[in-house]
Amino acid sequence: MTDKVFSNLFLFSVEAIVFGILTFLLWVYYRGFGRQYVRFWMVSLLALCLNHVAVTLQLVSFPNVVTTPKQLLYQAIELASYYLHISFLLLGVFCAVKDNQVSKKISWSVTLIAILLGIVTTLLYGFDDATVFNRFYLRESLPAFLAGCALFAASMFLLSLESLHFSSRVLTAYCLIVGVRQVLFSFLSIISLTQDWFRQLTDILVFIDIGANTVLGFIMLIWMQGAERNVANSAINRVQYLGKHDSLTGVLNREQVLEKLPLAMESSLSNEQKLIIFNLDIKRFKFINDTYGLKVGDLVLGEIANRLNKSILLPKVVGRLGGDSFIFVIELLDDSQQERAAEHIHGLIGSPYQIQQQEVHLQCSIGFCVYPDDENDAEGLMKQANLALFHAKTHKLSTVKYEEGMQSQGRHLLEMEKDICKGIAENEFILYFQPQLNLISNRLEGVEALIRWQHPEKGLLTPAQFLDDVETLGLSSEIDNYVLDKSCQTIADWYKKYKRRIPIAVNITAVEFQDPKFVAKIQALLFKYDIPPTCLELEITENVVMTEVKVAMDTIVVLQNMGIKVSIDDFGTGYSSLAYLRELPIDKIKIDQSFIKEVTINDSDLTIVKSMIKLSHGLGKRVLAEGVETLEQLTLLRNLGCDAVQGYYISKPLPEHGLKKYLERK
Ligand code: C2E
Ligand code: MG
Ligand code: MG
C-alpha cells in the first residue's frame with residue numbers, strides 16, 4: 001500500500017465516520033422537528049457516508065484489480081450512493097426553501113433511478129479490462145457532469161429566491177462552487193485524462209471535496225438550528241396573537257373586548273359623546289356551515305369581521321364573542337342616530353357574499369345598549385347588549401334597544417330553557433290522549449296526543465303554560481320529536497297489549513314540518529317501532545301551510561304517498577282559505593273550537609260552520625269539529641253532516657290508563 005493510498009484510506013474512513021455522526025444528529029433533529037427536508041438531508045448524508053465506506057473498502061481490497069465481483073459491488077454502491085446523495089440533497093433544498101411536501105411516489109422514484117443508474121453504469125464495461133477509458137467516463141465523468149449540472153441549477157434556483165438568510169447563502173455558494181467544479185472536472189477528464197497535471201489535480205480534488213462535503217454537513221446543521229429557532233419564534237408570536245385576537249377572524253376576542261371597552265368608555269366621556277354597544281348575531285349561520293362546510297363558514301366570518309372593521313362609522317371596538325356573535329362599538333353624539341347606525345350594520349351584513357360562485361345573503365339580529373345611559377361598567381354593558389339581542393332573537397325582531405325589565409324576562413327564559421331540556425332528558429313530558437269519535441260509524445276513529453309536563457315542583461302543566469316559552473326558545477323541534485317518538489312507541493305498545501291499532505294524531509309545529517329531514521325522521525320512526533303509516537296522523541295549522549306553501553305542499557304529498565294522513569288543525573283561525581286547501585292532499589279539516597262553542601245559540605257561527613262543512617265536502621275533505629262539550633252541539637253537528645267530533649262531551653284528554661278504561665267501557 002503506497003503512502004497516497006494509505007492517506008486516502010485514512011481520510012475517507014474518517015469522513016465516513018463524520019458523515020455517519022452528522023446523519024445521527026440529523027436523525028435526532030428529525031425526531032423532534034419532523035420536517036420532510038430534514039429526512040431528505042438525513043438520507044443524503046447517509047448516502048454520502050455509504051459512498052465513503054464504499055470508497056474505503058475499494059482502497060482496502062485489491063487496489064489494482066478492478067474487475068472482481070466484490071470490487072464491482074463496491075463500485076456500484078459508491079455510484080448509487082453518490083447519486084442518492086445528490087438527489088436527496090436537492091430534494092431537501094427544494095422542500096426547505098419552498099416549504100413544500102414531496103410525495104412518496106416521487107421520492108421512491110428518485111431512489112430507484114439513482115440506484116439503477118449506479119448499477120447500470122458500473123456493469124457497463126464492468127468486466128472488460130480493455131475499456132478502462134469508457135469505464136472512467138461512466139464512473140467519474142458522468143456522475144461529475146450530472147451532479148455538477150444539478151448543483152449549478154440548484155444554485156440558480158436559490159439565487160432566484162428573495163430574502164436569503166445566512167445558511168441559505170452559504171448553501172447557494174456551495175452549490176455554485178461545487179457545481180462548477182464538477183462540470184469542469186467532467187470536461188477536463190474527457191480531454192486530458194492521460195495528462196500528468198490532471199492526475200495531480202485529481203489528487204488535490206480529493207482533499208477539496210472532503211472539505212466541501214464537511215462544509216455541507218455543517219450547513220445543514222446550521223440551517224436546521226435556524227429553522228428550529230424560527231418555528232419557536234413564530235409559535236411564540238402566534239400564541240401571543242391568539243391570546244389577544246380571535247384566531248378565525250383576526251378581530252378581538254371576548255377578553256380583549258373587555259379590556260378595550262373601558263378605554264373607549266373613558267375617551268367617549270372626555271369627548272362628551274355616547275358609546276353604543278351593538279351585539280349582533282348572524283341568522284341561520286348554521287345553514288352556511290351545513291351547506292358549504294366549516295371552511296367556507298370560517299371565510300364568511302372573516303369577511304364579516306372585515307366589513308365591520310372597515311365600517312364608515314369608525315368603530316372603537318370590533319370583536320367576536322364566539323360562534324357567529326360579534327360586538328361593534330361606536331361613538332355617537334345624537335340619540336336619533338342609533339337606529340340609523342343599526343340600519344348601517346344590517347346593510348353591512350346584508351350585502352351578498354360570494355361563495356363558490358354563488359351569491360349568499362345573510363341577515364343579523366342586533367341588540368344594543370348605550371353608555372353611560374344604561375350601565376357604567378364594561379361587563380354590564382356587554383350583558384345588556386346581549387339581553388337586548390336575546391330579546392330581538394326570541395321576538396324575531398331585527399333590532400332591539402336594551403330596556404329595563406328585559407333582565408327578569410331573560411332570566412325567566414334562561415331558567416325555562418334549562419328546565420325544559422332537563423324535562424326532555426328525564427322524560428318529564430307525558431302524553432294525554434283525547435278520543436275522536438266518528439259520527440257516521442259511531443266508533444272511535446283515533447286519538448289526539450296532547451302533551452303535558454309532569455313538573456317535579458310545579459305539578460302537571462298544560463301546553464298553555466309552557467309551549468309559548470318552548471317556541472320562543474326555539475325548542476319546538478325537540479318537543480315535536482319527543483312527542484312523535486312517544487306516540488309511535490305507544491302505537492306499537494297498544495298493538496302488543498290489546499292487539500288493536502289505534503291511530504294517533506300528533507300536533508306538529510311549523511319549524512319541524514319545514515325541516516328538510518322531517519320525512520326521513522318519520523320514516524325512521526315507523527321503521528324503528530315497526531308500525532304501519534296509516535296509524536300515524538299529523539296535525540298542522542293553516543299557518544304552517546301558508547308560510548312556505550311550496551315546501552308544505554311537497555311534504556304533504558310525500559307523506560300522503562307514504563300513507564300518512566295530514567289534517568288542518570284549528571281551521572278558521574289562521575289566514576288561509578279553502579281555495580288554497582283545495583290543492584293540498586289533506587285528509588281532514590278540524591274546525592276550531594271557537595266556532596263550535598256557541599254554534600247552537602249564535603246564528604253567524606252556525607252559518608260559518610255550515611258553510612265550512614259544505615265547502616270541505618265539496619273539496620273532498622273530511623270535517624272534524626273540535627271542542628264539542630254538549631249533546632246539543634253533537635246532535636246539531638251530526639245533522640249538519642260533520643264527519644267526526646272531539647271534545648269534552650266525548651271525553652277529556654286522558655292519561656294512558658284513563659284511555660284504557662274509556663276503551664273498556666265502550
Ligand atoms: P289543539 O291541537 O287544538 O288541541 C285541542 C285542545 O283543545 C287541547 O288543549 C284539548 O285539551 C282542548 N279541548 C279538547 N276538547 C275540548 C273541549 O271540549 N272544550 C275545551 N274548552 N277544550 C277542549 P290542550 O291539550 O291544552 O292543548 C292546547 C294546544 O297545545 C293544542 O291545541 C295544540 O295546539 C298544542 N299542543 C298540545 N299538545 C301538543 C304537542 O304534543 N305538540 C305540539 N306541537 N302542540 C301541542
Ligand atoms: Mg291538535
Ligand atoms: Mg285544535
Side-chain angles (χ1 to χ4, degrees), residues 420 423-424 427-437 445-454 460-490 503-515 518 521 525 536-545 565-574 576 586-600 609 612 623-634 636-637 642 644-656 658-659 662:
I420 293 168
I424 294 178
N427 265 315
E428 288 169 10
F429 294 94
I430 51 170
L431 295 187
Y432 271 44
F433 302 95
Q434 186 173 36
Q436 298 176 333
L437 183 73
E445 78 169 36
V447 294
E448 177 175 4
L450 294 158
I451 195 167
R452 301 289 181 266
W453 187 357
Q454 190 66 64
L460 189 69
L461 303 181
T462 60
Q465 289 167 283
F466 60 88
L467 277 190
D468 277 349
D469 288 343
V470 166
E471 199 200 328
T472 309
L473 288 164
L475 294 171
S476 298
S477 257
E478 275 79 355
I479 288 289
D480 283 359
N481 285 319
Y482 181 96
V483 175
L484 270 171
D485 190 281
K486 282 228 147 169
S487 302
C488 291
Q489 193 182 0
T490 310
I504 297 185
V506 178
N507 294 284
I508 304 292
T509 51
V511 201
E512 181 58 14
F513 198 74
Q514 277 147 16
D515 181 352
F518 181 66
K521 278 191 223 166
L525 279 176
L536 189 64
E537 199 175 305
L538 303 174
E539 292 190 6
I540 54 173
T541 63
E542 298 160 87
N543 297 352
V544 173
V545 182
K565 290 185 189 125
V566 178
S567 47
I568 301 292
D569 202 358
D570 304 343
F571 186 74
T573 57
S576 78
I586 44 168
D587 174 63
K588 159 160 85 180
I589 282 169
K590 294 181 75 176
I591 301 177
D592 190 67
Q593 46 183 289
S594 56
F595 299 98
I596 307 299
K597 206 168 176 206
E598 297 182 352
V599 72
T600 49
V609 172
M612 277 182 182
V623 184
L624 179 145
E626 289 188 285
V628 177
E629 295 185 351
T630 63
L631 176 62
E632 243 184 315
Q633 289 168 338
L634 179 73
L636 176 70
L637 288 162
C642 188
V645 286
Q646 178 182 346
Y648 293 170
Y649 183 74
I650 319 300
S651 165
K652 287 198 162 188
L654 302 164
E656 208 185 324
L659 183 73
Y662 171 87

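Position 1 is the first residue of the sequence, and the numbers go up from there. Read the numbers this way: they start at 1 and go in the same order the structure lists the ligands and their atoms.
For atom 11 (O) of ligand 1, the nearest protein heavy atom (residue, atom name, distance) is Pro653 CG, 3.2 Å. Taking atom 1 (P) of ligand 1 as the reference point, the nearest protein heavy-atom neighbour is Asp569 OD2, 3.7 Å. At the shortest separation from atom 44 (N) of ligand 1 among protein heavy atoms lies Asp480 OD1, 3.1 Å. In terms of protein heavy-atom proximity, atom 24 (P) of ligand 1 is closest to Pro463 CG, 3.8 Å. Among all protein heavy atoms, the one lying closest to atom 7 (O) of ligand 1 is Gln593 NE2, 2.8 Å. Nearest protein heavy-atom neighbour of atom 31 (C) of ligand 1: Leu450 CD2, 4.2 Å. The nearest heavy-atom contact from the protein to atom 16 (C) of ligand 1 is Tyr648 CE2, 3.3 Å. Atom 19 (N) of ligand 1 has its closest protein heavy atom at Glu629 OE2, 2.5 Å.
A cation-pi arrangement is absent between Lys521 and Phe518 under the rule of less than 6.0 angstrom and at most 45 degrees off the ring axis.
Close contacts between ligand 1 and Thr509 involve ligand atoms 44 (N) [criterion: under 4.0 Å to a heavy atom]. Ligand-side atoms of ligand 1 in range of Gly627: 16 (C), 17 (C), 18 (O), range being under 4.0 angstrom from any heavy atom. If you number the atoms of ligand 1 from 1 as listed, the ones under 4.0 Å from a heavy atom of Asp570 come out as 3 (O).
Closest N/O/S atom of Asp570 to the Mg ion (ligand 3): OD1. Closest approach between the Mg ion (ligand 2) and any N/O/S atom of Glu448 involves OE2. Within Glu539, the N, O or S atom at minimum distance from the Mg ion (ligand 2) carries the name OE1. Taking the Mg ion (ligand 3) as reference, the nearest N/O/S atom within Asp569 carries the name OD1.
In plain terms, the two heavy atoms of Ile596 and Gly627 that are nearest each other are CG2-O, 4.0 Å. Contact detail for Tyr648 and Pro653: the closest heavy-atom pair is CE2-CD, 3.9 Å. Between Leu460 and Gln465, the shortest heavy-atom distance links the atoms O-OE1, 4.3 Å. For the residue pair Phe429 and Ile420, the shortest heavy atom distance occurs at CE1-O, 3.8 Å.
Taking SG of Cys488 as the reference point, atom CG of Leu525 lies at 4.5 Å (rounded to 0.5 Å).
Between Glu448 and ligand 1, at least one pair of N/O atoms sits closer than 3.5 Å. Between Glu626 and ligand 1, at least one pair of N/O atoms sits closer than 3.5 Å. The shortest N or O to N or O distance between Ile451 and ligand 1 is below 3.5 Å.
The residue among Asn507, Leu467, Leu431 with a heavy atom at the shortest distance from atom 35 (C) of ligand 1 is Leu467.
Close to ligand 1: Val628, with a non-hydrogen atom less than 4.0 angstrom away. The shortest separation from a heavy atom of Ala464 to ligand 1 is not under 4.0 Å, leaving the residue out of contact. Using 4.0 Å as the threshold, Arg452 has a heavy atom nearer than that to some atom of ligand 1.
Remark: side-chain polar atoms of Glu512 are not paired, donor with acceptor, to backbone N or O of Thr509 under 3.5 angstrom. A distance-only check finds no donor-acceptor pair linking the side chain of Asp485 to the backbone of Asn481 [under 3.5 Å]. In terms of modelled atom types and a separation under 3.5 Å, the side chain of Gln646 and the main chain of Leu624 share no donor-acceptor contact.
Enclosure of atom CD in Glu632 is not indicated, since only 12 or fewer non-hydrogen atoms of other residues, nucleotides or ligands lie within 6.0 angstrom. Open room surrounds CD on Glu471; 12 or fewer heavy atoms of other groups in view lie less than 6.0 Å from it.
Looking at heavy atoms from C-beta onward, Gln436 lies out of side-chain contact with Ile650 at the 4.5 angstrom threshold. Contact check for Ile508 versus Val544: no side-chain heavy atoms found under the 4.5 Å cut-off.
Proximity of Asp592 to ligand 1, defined as any heavy-atom pair under 4.0 Å, is not found for any part of the residue.
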(request) Applying side chain to side chain donor-acceptor pair (under 3.5 Å), run through Asn507 and Glu448 and close with a yes or a no. (result) CA-CA 8 Å; Asn507 294 284; Glu448 177 175 4; 2.8 Å; yes
